Amino acid sequence: MTDQSVSRPRRRGPRAALASAAVVALAAGTALLFASAASAATTLGASAAERGRYFGAAIAANKLSESTYVNIVNREFNSVTPENEMKIDATEPQQNQFTFGNADRIVNHAISQGMAVRGHTLAWHSQQPGWMQSMEGSALRQAMLNHVTQVATYYRGKIDSWDVVNEAFDDGNSGARRNSNLQRTGNDWIEAAFRAARAADPGAKLCYNDYNIDNWSWAKTQAAYNLVRDFKQRGVPIDCVGLQSHFNSGSPYPSNYRTTLSSFAALGVDVQITELDIEGASANTYRSVVADCLAVARCNGITVWGVRDCDSWRSSQNPLLFDCSGNKKPAYDAVLAELNSGAPPPTTAPPTTAPPTTAPPPTTAPPPTTAPPPTTAPPTTAPPTTPPPGGGGCSAAVYQLDQWPGGFVANVRVTAGSSATNAWAVTMTLPSGAAVTNAWNSQASGSTGTVRFTNAPWNGRINAGQSTTFGFQGTGTGSGMTPSCSAS
Ligand code: 9MR
């Protein structure tokens, strides 16, 4: 950490601090109490960001013109997932004819609001356009890879995490792959899709996403776990697992959910809760899900599958955090309180132990009968030997420049060192004649020469060893830039 000039609030002298404390104390005896209560974050996204995480929602392009809807989205969430607009039938309705209009509406809205975007989804047996549904064999494999490449390239630099492959395992107890036209192209179709996605957008996190992989003792969970373990062992690019977590009476929140989250995380991937909804929206169950995520350092984000109950794909179950009029439900209050009670991210890197080599538990094991782990947060004070946040520094790398005559797009991955960051800054000297025209997921100061990019309000906190990305567009040529990173 060499650069000390990350902007911080200006320090005030002890005299000024005493004077303002006296004013507050004189104004009313309760004012100090009120001040401390008011310091808790008041929105889901802000609270999650303080804990190095995001809190997102699936949104629909055609609702962005509804003021009640968009006001909630803008106020509460720091990540969005297009609910349907990035699916294969939406983005490639005719083979090799790509349409991004509705997806762009969501991505542009998110960028304008400083929100992250989860891309959903590049390869899936469902919502395939007619031309793809009728394809098989090597022609389908090529078409699938072309789709992954084209869509991930188009959105390069704008996607935080991609659901590269969605729902590839069978329901039931077999642990087998789902029999789909994609599966029939050969068992390696999943890794082929991940490799194509990495080549197209090296800055995005690449996720495997599925439902009914929440209960650690279910065969489908073990099948997904084995896939991720195998990919990590063989070096197939994978960065995250998405647990959809649609909970209802047939597939309830399991008491071993935290075990599932931490077991996937121990493989060396992020864990994201990607499509959360809960039949009846029990405040206690929502609270437990949030507590489980906060208890696992690499559970780095939660997305609810819709905004208001009436927006839900299962609207009759009233499974979301806002009612149809846009009012906060008790589940909302529970989620916010649980987020606010969570500890900040650990300031030291988690141990880099090898993934367990023992066989996973038998899939027939009955679910544990013990109560779910307590939801109270661990103490927030760091032990005296841990470095202060940011003391472990950070590193930055510029990825694949998109270059055309007169302009370029660059994507930068910022990785925290051995301790968490609270804020970061990346400086880089642009080639002569180049100028930054816009940046997303960061603030740029200066546009030519040495430009300094500082974190957006929601992505300053990066857990030890983990990363976030930002991007920028420029005029001129963007080659040969060497970023340097500082953290606090
Ligand atoms: O919420 C989506 C709904 O509007 C669509 O009609 C449906 C069509 O398949 O997909 C829903 O979203 C699904 C998501 O893409 C994947 N996991 C299950 C979700 C709920 O069905």
Side-chain angles (χ1 to χ4, degrees), residues 121-125 148 161-180 182-183 185-199 202 204-245 254 256-275 292-293 295-301 349-365 367-368 463-467:
T121 177
L122 294 171
W124 190 22
H125 69 278
V148 170
S161 303
W162 262 116
D163 290 334
V164 178
V165 169
N166 197 37
E167 302 176 358
F169 286 100
D170 224 350
D171 296 321
N173 292 323
S174 70
R177 295 279 184 88
R178 179 190 296 277
N179 180 11
S180 69
L182 291 168
Q183 179 62 28
T185 70
N187 211 47
D188 62 347
W189 72 277
I190 300 180
E191 61 196 81
F194 273 81
R195 290 199 167 98
R198 179 69 99 223
K205 293 180 182 176
L206 306 182
C207 304
Y208 175 74
N209 190 53
D210 214 332
Y211 63 90
N212 284 357
I213 59 168
D214 315 289
N215 190 321
W216 181 237
S217 63
W218 285 11
K220 193 169 170 181
T221 310
Q222 292 303 317
Y225 177 83
N226 288 335
L227 176 96
V228 178
R229 183 167 60 173
D230 173 52
F231 278 17
K232 292 299 283 183
Q233 280 171 351
R234 290 192 295 115
V236 178
I238 185 166
D239 307 301
C240 37
V241 173
L243 283 76
Q244 293 185 8
S245 303
N256 58 20
Y257 191 58
R258 193 178 294 194
T259 300
T260 306
L261 300 178
S262 60
S263 299
F264 275 115
L267 294 175
V269 289
D270 286 352
V271 181
Q272 304 181 3
I273 299 169
T274 53
E275 304 185 15
D292 290 341
C293 181
V296 176
R298 292 203 72 167
C299 179
N300 72 328
T352 53
T353 46
T357 51
T358 50
T363 56
T364 49
N463 291 352
Q466 301 202 18
S467 57

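Just so we're clear, the structure is a prediction, and the values are computed from it rather than from any experiment. Heavy atoms only: backbone and side chains are in, while hydrogens, waters and symmetry mates are out.
Looking at every heavy atom in both residues, Val148 comes nearest to Ala196 through CG1-CB, 3.9 Å. Scanning all heavy atoms of the two residues, the minimum distance from Pro237 to Phe194 falls at O-CD2, 3.0 Å. Smallest separation of non-hydrogen atoms from Phe169 and Gly175: CD2-O, 4.0 Å. The heavy-atom pair separating Ala265 from Val271 by the smallest distance is N-CG2, 3.7 Å.
The aromatic ring centres of Trp216 and Tyr257 sit 6.0 Å or more apart.
Looking at heavy atoms from C-beta onward, Tyr208 lies out of side-chain contact with Val164 at the 4.5 angstrom threshold. For the pair Asp292/Cys299, no side-chain contact is recorded, criterion being any heavy-atom separation below 4.5 Å from C-beta on. By the 4.5 Å heavy-atom criterion applied to side chains, Leu122 and Asp163 are not counted as neighbours. The shortest side-chain heavy-atom distance between Val241 and Ile213 falls under the 4.5 Å cut-off. Between Arg298 and Val269 there is no side-chain heavy-atom pair separated by less than 4.5 Å. With a 4.5 Å cut-off on side-chain heavy atoms, Glu167 and Trp124 count as touching.
In this model, a donor atom of one side chain and an acceptor atom of the other lie less than 3.5 Å apart for Gln183 and Asn187. Looking at Ser245 and Glu275, their side chains never bring a donor and an acceptor atom within 3.5 Å of each other. No side-chain donor-acceptor contact under 3.5 Å links Asn209 and Gln272. In the model, Asn212 has no side-chain atom that pairs as donor or acceptor with a side-chain atom of Asp171 under 3.5 Å.
Expressed to the nearest 0.5 Å, how far CD of Glu191 lies from CG of Leu227 amounts to 8.5 Å. Rounding to the nearest 0.5 Å gives a distance of 10.5 Å between CH2 of Trp162 and CG of Leu206. For the atom pair CZ (Phe264) and OG1 (Thr259), the distance works out to 12.0 Å, reported to the nearest 0.5 Å. Here the CG-OG1 distance, from Asn226 to Thr221, works out to 11.0 Å after rounding to the nearest 0.5 Å. Atom CG in Leu261 sits 6.5 Å away from atom SG in Cys293 (nearest 0.5 Å). Rounded to the nearest 0.5 angstrom, Thr260 OG1 and Gln222 CD are separated by 8.0 Å.
Note on Arg198 versus Asp239: salt bridge recorded, some NZ/NE/NH1/NH2 to OD/OE distance being below 4.0 Å. By the 4.0 Å N-to-carboxylate-O rule, Asp170 lies too far from Arg178 to be salt-bridged with it.
A side-chain hydrogen bond (donor to acceptor under 3.5 Å, both in side chains) with Gln244 is found for one member of Thr274, Asn166, Asp214 and no other, namely Asn166. Evaluated for a side-chain hydrogen bond (donor to acceptor under 3.5 Å, both in side chains) with Asp230, the options Arg234, Gln233, Lys232 yield exactly one hit, Arg234.
A donor-acceptor pair is defined here as one N or O able to donate and one able to accept, closer than 3.5 Å; no such pair exists between the side chain of Ser180 and the backbone of His125.
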Going through the distances and angles, do Asn300 and Asn463 end up as a side-chain hydrogen bond (donor to acceptor under 3.5 Å, both in side chains)? CA-CA 9 Å; Asn300 72 328; Asn463 291 352; over 6 Å; no

Arg258 and Val296: side-chain contact (heavy atoms from CB on, under 4.5 Å), yes or no, with the steps? CA-CA 8 Å; Arg258 193 178 294 194; Val296 176; 4.3 Å; yes

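Geometrically, Lys220 does not engage Tyr225 in a cation-pi contact defined by less than 6.0 Å to the ring centre and at most 45° from the axis.
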